[in-house]
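Per chain, numbering begins at 1; letters A, B, ... match sequence-line order.
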Amino acid sequence: MARVVVDVMLKPEILDPQGQAVQRALPRLGFSGITDVRQGKRFELEVEGPVDAAALARIREMAETFLANTVIEDFDVRVQS
Amino acid sequence: MARVVVDVMLKPEILDPQGQAVQRALPRLGFSGITDVRQGKRFELEVEGPVDAAALARIREMAETFLANTVIEDFDVRVQS
Amino acid sequence: MTARIGVVTFPGSLDDRDARRAVQLAGAEPVALWHRDKDLRQVDAVVLPGGFSYGDYLRAGAIARFSPVMETVIAGARDGLPVLGICNGFQVLCESHLLPGALTRNDHLHFVCRDQRLRIENATTAWTSSYRPDQEIVIPLKNGEGGYVADERTLDMLEAEGRVVARYLELNPNGSRRDIAGVTNEAGNVVGLMPHPEHAVESLTGPGLDGLGFFTSVLKRLVNA
Amino acid sequence: MTTDAGTASERVSTTIDTVKRAVDTPGLAQPWAELGLKRDEYDRIREILGRRPTGAELAMYSVMWSEHCSYKSSKVHLRQFGEKAPPSDALLVGIGENAGVVDVGQGYAVTFKVESHNHPSYVEPYQGAATGVGGIVRDILAMGARPVAVMDPLRFGAADHPDTRRVLPGVVAGVGGYGNCLGLPNIGGEVVFDPCYQGNPLVNALCVGVMRHEDIHLAKASGVGNKVILYGARTGGDGIGGVSVLASETFADPSAAGTRPAKRPAVQVGDPFQEKLLIECTLEVFREKLVVGIQDLGGAGLSCATSELASAGSGGMRVELDSVPLRDATLSPEEILMSESQERMCAVVEPDKVERFLEICEKWDVLATVIGEVTDGDRLEIHWRGEQIVDVPPRTVAHEGPVYQRPYARPVWQDALQADDPAKLSRPGTPEELREAVLSLVASPNQASKSWITSQYDRYVLGNTVLAQPEDSGMIRVDEETNLGVALATDGNGRYAKLDPYTGAQLALAEAYRNVAASGATPLAVTNCLNFGSPEDPAAMWQFAEACRGLADACLALGTPVTGGNVSFYNQTGEVAIHPTPVVGVLGVIDDVTRRTPMGFTGEGDLLFLLGD
Ligand SMILES: Nc1ncnc2c1ncn2[C@@H]1O[C@H](COP(=O)(O)OP(=O)(O)O)[C@@H](O)[C@H]1O
């Protein structure tokens, strides 16, 4: 059983109200020195069988068509070591 | 400027309806071989200055008290290379 | 002199006006409290109203918990100040660790607004003494993150100590563990409730008058005190 | 870095398309066609200015003269709503402002309007619908009113089409996500499925707001020396796909090129929390009477807000574009002017009230910046890095755009369509066939309960909802002491309108009117959202002209004036237009909401009457 992680983040040019809300709250909580916060999603997929090139290609397709909304989001797929 | 990533995932014993909804949808979309899906959050923090042990400790505290709700969530902090 | 009940407005609070109206209809004096003020203006009880404080962007209630007013509310609650958290207010109370557990995304992943039947399981708290034990009431419910969760040990403890204040009947609208709609702290002065009693205080605008009891309960307690 | 780049200031002056440069380089080729302008429109701009426009001016004219902002194809038909308007004492502000305002008695005024966000909602259903709600709410707020409820007339393709699975849940979640987070009860709407909307769903959003008569605010800048304040969200590169052409041409600074994002987002993302703060903050500055004029930023962003404010006011306006707080430092001045970043407003404030205005914004965590002032001239001047990049008569941008008499013609197929009447359909003859017919009728998605949708909307918040789903009209209590209230209904039937656009529009009005009347309220005023195909298609234009004529005639007959509305053209997939879909909203007033008439039976023994024939 292997784990594949898919990270989905809003594209850099797209407004991220969630990340902004977190960032604005930080100074009030006494945390300084954070100049930007972006909030996205992390999916952990448990994959049956070997995670070979074919499996990764399938997961990439899944990320592209389903896990991410590529109109506004970018994604990244990687096998967790 | 360095980037620190904080991953926040629901604890394994806590029901994850979002992950389950994704998992249930996969076969319908023609994706098989995924036995479990968990969905969590990924924060990307841009940090001013060096990310030394002290800075990381501060961010870990921020994750523990704020970014994650440790009643139901685990978190992981790492510097992005 | 009637009791003064404060209603906190956080940025993004929505049902604060409704909560003040409910307080008034119950016969108490509503006092508007502002999230940036630590001063509770000598109120006798506090309502944390529903809404989307700070957009609920991180987790519902997670940012509001750190507001100045909450410092005083948390300290007061520990000293016995009656505090009612409705919906977002319940989320704030859990995030503040005044109440155990947490509220997560509804299991069906949709926002839900419906008239909800509940059973009052504990009619001895500061906010439920106007009800009969096991009384069934109908009040509106509206949330996107209303699934109550806690570990088994905590759930067992809540049950054993009678700290489940209200339970969903007929339909569990959000996947809450053990159909829990509301819980209280050990002392019974702090209550968190997912459904909205403040929307059931006038027959014209709600499903009935079943919600009024929460506000008359605290009034009774304050006047008798 | 090139060695001949010179000092920073020299370099800047060679890369900014200033008014001076425009005068000096009259022959410079400009991408007017890429920006959607026609040759004669571009020529007219040159004529107005007496020179070629700068890049920033070209950006402003192109967006303000677009169909969406200028109503250039619809204006000649919309005029009837004013010309044929029935006399009404109730109208306090008529067509031409952000939204009309109606007197509902006891010193209260109500403003309401419906607007479309169809195309964005197809591309990105959630954000498209969410920002549609956000936009109409700001329109209502800008009139001086507290928004008190929303409604959402929706049209989707076939219920069982795979793409409807993407569009419908996204749109519903977006309407709910935004409206719920603003704390506005959703008191009604429509859901209709028809294959004609498959590639072009309709997402119309209505908002209604309440104010005291004396609180009415208008979008105009007057009073020399008054400050122009931009407040709300920072400006990002949202919704400016088109102007990127300009940016790449005029922003030829090699050092800047590499740092600009590769692509500007065409999708706008809404931030309802920011909008909620904007509402509370705006109502507070109204309450303290700090505002001379106000405009929300919607389509065409700052271009629209500054030119409309200046155009409607008495003086000119000067804006320092460098003061605009940016989310993306690489934006060019053209892009800043065009950006459709959401959750922003623009106010004109007397100098001695600026401090208090900014204080209130700070109280609500709303960013506010003085970006300019009202001048005694009659020009809108915009500066960037010390250079003048815009110098135009604002009326020519905002209110004197092109007006088209588009050719229209009754389509050749209209007769055949009308002749194809139900008499030709086979009738169920046997009990078995009757059963089939009834079953297929009740199984039709258009008859189905809409609670899957409406249960995702908060109908209780604010505590004044007297009627909401599943009632045919929504009703809101306006005054808790006197029980004064208003009722609202929207209706529209694309199939009727396709058969006969004139009568179809009238039927839409009649239905909404009946719904309001049946609730116990007296209908007072009308808004509409006219969803049609391409105005360049004579058949679609005919449908539009007929619908306007029908609606105006019916409004006259019923004595309810149109107070505002919105036109959405180009609703088509390829060459195939949607059914013409005029959505009509009716507002009524009721003296005592406790005497409302709900739809259902309320007591045993109630009698049932049938009225009419
Ligand atoms: N179908 C319509 N019926 C009546 N008035 C309309 C209609 N469409 C637009 N209007 C009016 O035209 C004016 C300009 O349109 P408006 O919607 O304000 O543009 P914007 O997109 O800038 O808000 C408004 O007063 C509006 O009410």
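Taking CG of A/Asp36 as the reference point, atom CZ of B/Arg3 lies at 8.5 Å (rounded to 0.5 Å). Within the model, atoms CE of B/Met62 and CZ of A/Phe31 stand 5.0 Å from one another, a figure rounded to the nearest 0.5 Å. Remark: A/Glu48 CD to B/Ser32 OG distance equals 8.0 Å, nearest 0.5 Å.
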Stepwise side chain to side chain contact (heavy atoms under 4.5 Å, CB included) check, B/Gln39 with A/Lys41: CA-CA 7 Å; B/Gln39 178 175 339; A/Lys41 295 177 197 149; 3.5 Å; yes
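Residues A/Arg42 and B/Met9 meet the side-chain proximity criterion, which asks for heavy atoms closer than 4.5 Å. In this structure, the side chains of B/Val47 and A/Ile34 come closer than 4.5 Å at one or more pairs of heavy atoms.
Annotation: side chain to side chain donor-acceptor pair (under 3.5 Å) contacts of A/Asp16 (sequence neighbours excluded): none. Residues forming a side chain to side chain donor-acceptor pair (under 3.5 Å) with A/Arg38 (at least two apart in sequence, or on another chain): none.
Residues of residues 65-78 of chain B lying under 4.5 angstrom from chain A, judged on non-hydrogen atoms, are B/Thr65, B/Phe66, B/Leu67, B/Arg78 by number. Of residues 17-25 of chain A, those residues with a non-hydrogen atom less than 4.5 Å from any non-hydrogen atom of chain B are, in numerical order, A/Val22, A/Ala25.
Contact tally against chain A (heavy-atom pairs below 4.5 Å) for B/Val37, B/Ile59, B/Thr35: the top residue is B/Thr35. Heavy-atom pairs under 4.5 Å with chain B peak, among A/Asp7, A/Val4, A/Leu45, at A/Asp7.
Only the side chain of A/Leu29 comes within less than 4.5 Å of a heavy atom in chain B; its backbone stays farther off.
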